[in-house]
Every structure is written in C-alpha cells, then in structure tokens.
Amino acid sequence: MLMTKDSEIHPDGSKMSSSKTALTICAINYLPKALVLYETYRQWHPDQDFHIVLVDRKDPAISINRPGLRLIWVEDLGVAQFQQHAFAFDVIELSTNIKPAALKLMLSTYDVALYIDPDIKIYAPLTPVQEALKTASLVVTPHTNLPIVDGNKPDDVDLLRFGAFNLGFVGVSRCDEGLRFLDWWSDRCLEFGFYEPQVGLAVDQKWVDLAPAFFPAMQILHDPGLNLAFWNLHERTLSAGPEGWLVNGEYPLRFIHFSSFDATRPDVIAHKQNRFAPGSRPDFHALAETYAGELQAEGSEEFVKRRYGFDYFEDGTYITPALRRFYAGLRSQFADVTNPFDPAGRVMAFARKHRLLVRANAASKRHTFQDLGKFGGAIRFIHVLLRCALRVLGPNRYYMLMRYVAHVSSLRNQAEMFGNVKQD
C-alpha cells in the first residue's frame, strides 16, 4: 500500500500540483529532447509537475521558465561522493546511475514518480501505468513481448547482454517495497553501473532483471502501446484511429522511445538496428518525421553544442575513457581524493605519469562498436598476431589466454598492473 503524506508542499516551499510526477535526466546538450518530452507529457497530464535533472556542471545561465517545469542540477540530488562518481562514469553511465537517487528524491514529495528517458514522446495519457501503481511497488516494460532470432539486430541474444526490460521508463510508488527497491538499485548502480556488456554489466538496466526475484510487488506491463521502439517494431504496427494512433489496430499508442534516432534521417528508424531498411516502415516514419520537426523547433545552439562538463578536469584537460576506467578500478586507492577533477591533484599526476592524457585536438566523441569498421587494418594485424599466438601456445593454453583477455577487456580489471598508486 502507498504511504500517504499530508504535505503538498515542495522542499522549496512552493505548492505541488499533484501527488504524481515525472522526471527525465540528461546533459545540457540533450535539453531539446527533454523539452519535447516535457511538452508532450504536460499536454496529457497538465496537473502534474515535470522535472529535468541536468547531469552537467552547474551553470546559473541555464534557466527555462515553463509551466510546471522544474530544473534540478545533479549535484543537488545529495548523492554521496558525487565527484568521484562523476569522474568514474561517463555521461551515459552517470545519467543512468543517478536515476534511483532522483526517483527517491521525487518520492520524498510525491506518491508516484515516473522516470522517462529524454528521447521519448508521449501520445496519450499514461493511464495504465498510473492504475498499475495503485497496487504495484514499481512497474517496468519489457523490450519485447515476443521472442525473435532472425539474424538481425537487436534480437533475443542481444537482450541477454542488455537486459530484458528497458529502463528508459520505470514507475515507482512511495511504499516500503518501492523505497527498498530504489535503495538496492542505487547501491548496485553506483558501484557497478558500467557499460561493459562483455563482462555482464549494462549500466542501470541489467540489474533490474533480478528485481522480480527480490521485489514481488513489481509489475511488468505488456501493453504494446507503452515504450514502442526499434527493438519491438517486429511485433507492433501503427495506424491512425478516430481518437489517436493505435498499435496493432487495437491499443492506444502511449509513447514512442526514439532511441538511437537521427533527426536528419527520420526514415532510418534507428542506427542501432538493421531489421528494417530506411523507408520500409512508413507507419513509423510518419510519426518520426513529426518528432524530428519538434526537435528542430526546440533545438538551440546554446544547448546542442555544449560540451559535457564532467569530460574535463577543472583546467580544461580532457579525461580520456581509459583514464576513467583505470580510475574506477583504483577507486579504493583514490578514496582520499575528494575532487578527482583537480588539475593539481593525485589523479592528474597519475594520468600524466602513465600517459593517459591526449592532446586537446585528439579529444573525440564517444566511440561505439560501430566505429570498429574504421580500424580494419589494425584489426587484420591483430588477427595475424593471434594466429601466431595460437601456433606458439597451442590450443589449450591459447584458450586460457582468451579467457583472460575477456576478463581484462574491462580496463577496470587491468588496474592492478599499476600497483600501489598512492606511492606515485
């Protein structure tokens, strides 16, 4: 049962408009997407507050005044050892790993809180979600309702790596089990919330595969109108009905998750899938084209071109992904460093000693598995070296070597090669 609360006052002293709320989390450059979400959420839930948690360095110049919209800076969530987490995790990891803390902050004021990814658009009231949360401690949606292995991406094998549920959406009610879930989830995220599918970790999302075993009042929502996205288009079609869009000709479309979406190519659907060729889903393209236009309308050069603040030391030196991972593997040895971003501190000294920094013009965008195609020559050379290793070691020792390589493919697991960094 919900734990009701008499107060209807925000911590800042203002009156809250409803016992329900929704929030999203993003860096400054994602604000245009978050604002499309805000506008469409408020269109269907005009009596509810909406919160945007900004995961970036605090900038007092950022101010957005819209009805029912509240901005919260990530450092104001009260996450313990925040600076250390901001250094250990990249922007995607940090944004997802502070999700439980943000939801718990919402539940200090509201009875029900929904987290919704910024690249989502709402098309109808989320009535089934609110109804479920009258009895459920938390609600989630699966990536798909039907299995598929057809040689295309994503499929069931991919979901074993990334999780059964899509945590771009989750709802939690203020009850004992809901709060216990958030505490458990937050602990796991802030310690193990890395994007390392090769070792079984996928930020906040993969952990929730365990939640049904631990939190029996959790409810899985199979409504096809919820969380329509590229990963479930094989089982869902869109059509215009007399009162709005329908999924499979029957279910009201509640929201689309435009994950991996390129507003300049709405016909592509998503870059992280190859099941549907560009232009092959005109039903989806009709809505994607409108969404692309809304993103363009909300777009602001001030926001879109903003670089992520926690990618840099306080003097502007770029923090390489390798440095982040090695720091994460050595966090216990850097436990006394309260501000790892200090350019005069021990973390910078460690980075310089072990040549973990790059020239300013070498700082680049986040690399993905899709970038591997750019390194064809280097990969072919590595294959030559592997064939030589197989010949020298023999099949049994080579097999054990590959098992070790799989382990150290997480740079955190290589940290021991640095020894005692406190002596650096």
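When a residue number appears, it is its place in the shown sequence, counting from 1.
Between Phe341 and Ile319 the shortest side-chain heavy-atom distance falls below 4.5 Å. Between Gln205 and Thr96 the shortest side-chain heavy-atom distance does not fall below 4.5 Å. Two residues are said to be in side-chain contact when any heavy atoms from C-beta on lie closer than 4.5 Å; Arg331 and His85 meet this criterion. Between Asp56 and Tyr308, some side-chain heavy-atom pair lies under the 4.5 Å cut-off. Within the 4.5 Å cutoff, no side-chain heavy atoms of Thr237 are placed close to those of Val247. By the 4.5 Å heavy-atom criterion applied to side chains, Tyr327 and Val337 are not counted as neighbours. Side-chain contact between Leu330 and Phe350: present, with at least one pair of heavy atoms (C-beta onward) separated by less than 4.5 Å. Under the 4.5 Å side-chain criterion, counting only non-hydrogen atoms from C-beta, Tyr115 is in contact with Thr24.
Asn339 is linked by a side chain to side chain donor-acceptor pair (under 3.5 Å) to Glu314, counting only residues two or more places apart in sequence or in another chain. Among residues two or more places apart in sequence or in another chain, the ring-ring contact (aromatic ring centres under 6.0 Å, His included) test is passed with Tyr251 by none. For Thr317, the side-chain contact (heavy atoms from CB on, under 4.5 Å) partners are Phe313, Asp315, Met348, Leu357, not counting sequence neighbours. Residues satisfying the side chain to side chain donor-acceptor pair (under 3.5 Å) test with Asp150, not counting sequence neighbours, are Asn152, Arg275. In this view, Phe230 satisfies the ring-ring contact (aromatic ring centres under 6.0 Å, His included) rule with no residue, not counting sequence neighbours. In this structure Lys104 satisfies the salt bridge (charged side-chain N to carboxylate O under 4.0 Å, His left out) test together with Asp183, sequence neighbours excluded. For Val392, there are no side-chain contact (heavy atoms from CB on, under 4.5 Å) partners, not counting sequence neighbours. Under the side-chain contact (heavy atoms from CB on, under 4.5 Å) criterion, Arg66 pairs with Leu35, Tyr38, Glu39, Ile64, Leu69, Glu298, sequence neighbours left out. With sequence neighbours left out, Leu77 forms a side-chain contact (heavy atoms from CB on, under 4.5 Å) with Val53, Ile72, Val74, Val79, Ile98, Ala102, Leu105. Take Asn227 and apply the side chain to side chain donor-acceptor pair (under 3.5 Å) test, not counting sequence neighbours, and it matches Thr141, Asn166, His257. Under the salt bridge (charged side-chain N to carboxylate O under 4.0 Å, His left out) criterion, Arg236 pairs with no residue at all, not counting sequence neighbours.
A distance-only check finds no donor-acceptor pair linking the side chain of Ser186 to the backbone of Leu182 [under 3.5 Å]. Listed for the Arg325 side chain is no donor-acceptor partner under 3.5 Å among the backbone atoms of Leu411. A donor-acceptor pair under 3.5 Å links the side-chain atoms of Thr320 to the main chain of Leu356, judged by distance alone. One N or O on the side chain of Trp185 and one on the backbone of Asp204 form a donor-acceptor pair closer than 3.5 Å. Side-chain atoms of Asn413 come within 3.5 Å of backbone N or O of His407 as a donor-acceptor pair. Formation of a donor-acceptor pair under 3.5 Å by the Ser173 side chain with backbone atoms of Ala136 is found in this model. A donor-acceptor pair under 3.5 Å links the side-chain atoms of Gln333 to the main chain of Val421, judged by distance alone. At distances below 3.5 Å, at least one donor-acceptor pair connects side-chain atoms of Asp283 with backbone N or O atoms of Leu238. In terms of modelled atom types and a separation under 3.5 Å, the side chain of Glu235 and the main chain of Leu146 share a donor-acceptor contact.
Rounded to the nearest 0.5 Å, atoms CZ (Phe261) and CG (Asp119) are 10.0 Å apart. With rounding to the nearest 0.5 Å, the separation of OG1 in Thr144 from CG in Leu233 is 12.0 Å. Interatomic distance, Arg265 CZ to His285 NE2, rounded to the nearest 0.5 Å: 9.0 Å. Between Asp311 atom CG and Phe87 atom CZ the span is 10.0 Å, to the nearest 0.5 Å. For the atom pair CG (Leu23) and CE (Met106), the distance works out to 6.0 Å, reported to the nearest 0.5 Å. Note: Ile25 CD1 to Leu103 CG = 7.0 Å, rounded to the nearest 0.5 Å.
Phe326 has its ring centre no less than 6.0 Å from the ring centre of Phe334.
Other residues, nucleotides and ligands contribute more than 12 heavy atoms inside 6.0 Å of the CD atom of Gln43.
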### Query
Given the rule in the salt bridge (charged side-chain N to carboxylate O under 4.0 Å, His left out) test, do Glu93 and Arg324 qualify, once you have shown the distances and angles that lead to the verdict?
CA-CA 12 Å; Glu93 293 166 340; Arg324 282 195 193 278; over 6 Å; no
#### Entry: Worked verdict on Phe89 versus Phe194 for ring pair (Phe, Tyr, Trp, His ring centres under 6.0 Å)
CA-CA 7 Å; Phe89 297 124; Phe194 301 96; 4.9 Å; yes
### side chain to side chain contact (heavy atoms under 4.5 Å, CB included) between Asp76 and Lys58, worked out
CA-CA 10 Å; Asp76 295 330; Lys58 187 179 287 189; 3.1 Å; yes
### Query
Run the side chain to side chain contact (heavy atoms under 4.5 Å, CB included) check on Leu31 and Ile62 step by step: do they pass?
CA-CA 10 Å; Leu31 266 174; Ile62 301 293; 4.3 Å; yes
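A cation-pi contact, defined as under 6.0 Å to the ring centre and within 45° of the axis, is absent between Arg254 and Phe169. Annotation: cation-pi pair Arg307/Tyr312 present, NZ/CZ under 6.0 Å from the ring centroid and within 45° of its normal.
Between Ala22 and Ile116, the shortest heavy-atom distance links the atoms CB-CD1, 4.2 Å. When all heavy atoms of Ala88 and Ala328 are compared, the closest pair comes out as CB-CB, 4.1 Å.
The aromatic rings of Trp184 and Phe181 sit tilted relative to each other, their planes meeting at an angle between 30° and 60°.
Salt-bridge formation is detected for the pair Lys153/Asp158: a Lys NZ or Arg NE/NH1/NH2 atom is positioned less than 4.0 Å from an Asp or Glu carboxylate oxygen. Looking at Asp59 and Arg306, a side-chain N of the basic residue comes within less than 4.0 Å of a carboxylate O on the acidic one, giving a salt bridge.
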Going by atom type alone, with no hydrogens or angles, which donor-acceptor pairs under 3.5 Å involve a side-chain atom of residues 212-225 and a protein atom two or more places apart or on another chain?
{"from": "His222", "atom 1": "ND1", "to": "Asn145", "atom 2": "OD1", "distance (Å)": "3.1"}
{"from": "Asp223", "atom 1": "OD1", "to": "Gly225", "atom 2": "N", "distance (Å)": "2.8"}

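Exactly one residue among Gln48, His51, Lys20, Arg174 makes a side chain to side chain contact (heavy atoms under 4.5 Å, CB included) with Tyr110. That residue is His51. Each of Phe258, Phe276, Tyr291 was checked for a ring-ring contact (aromatic ring centres under 6.0 Å, His included) with Phe284, and the lone residue meeting it is Phe258.
A donor-acceptor pair shorter than 3.5 Å cannot be found between the side chains of Tyr195 and Asp90.
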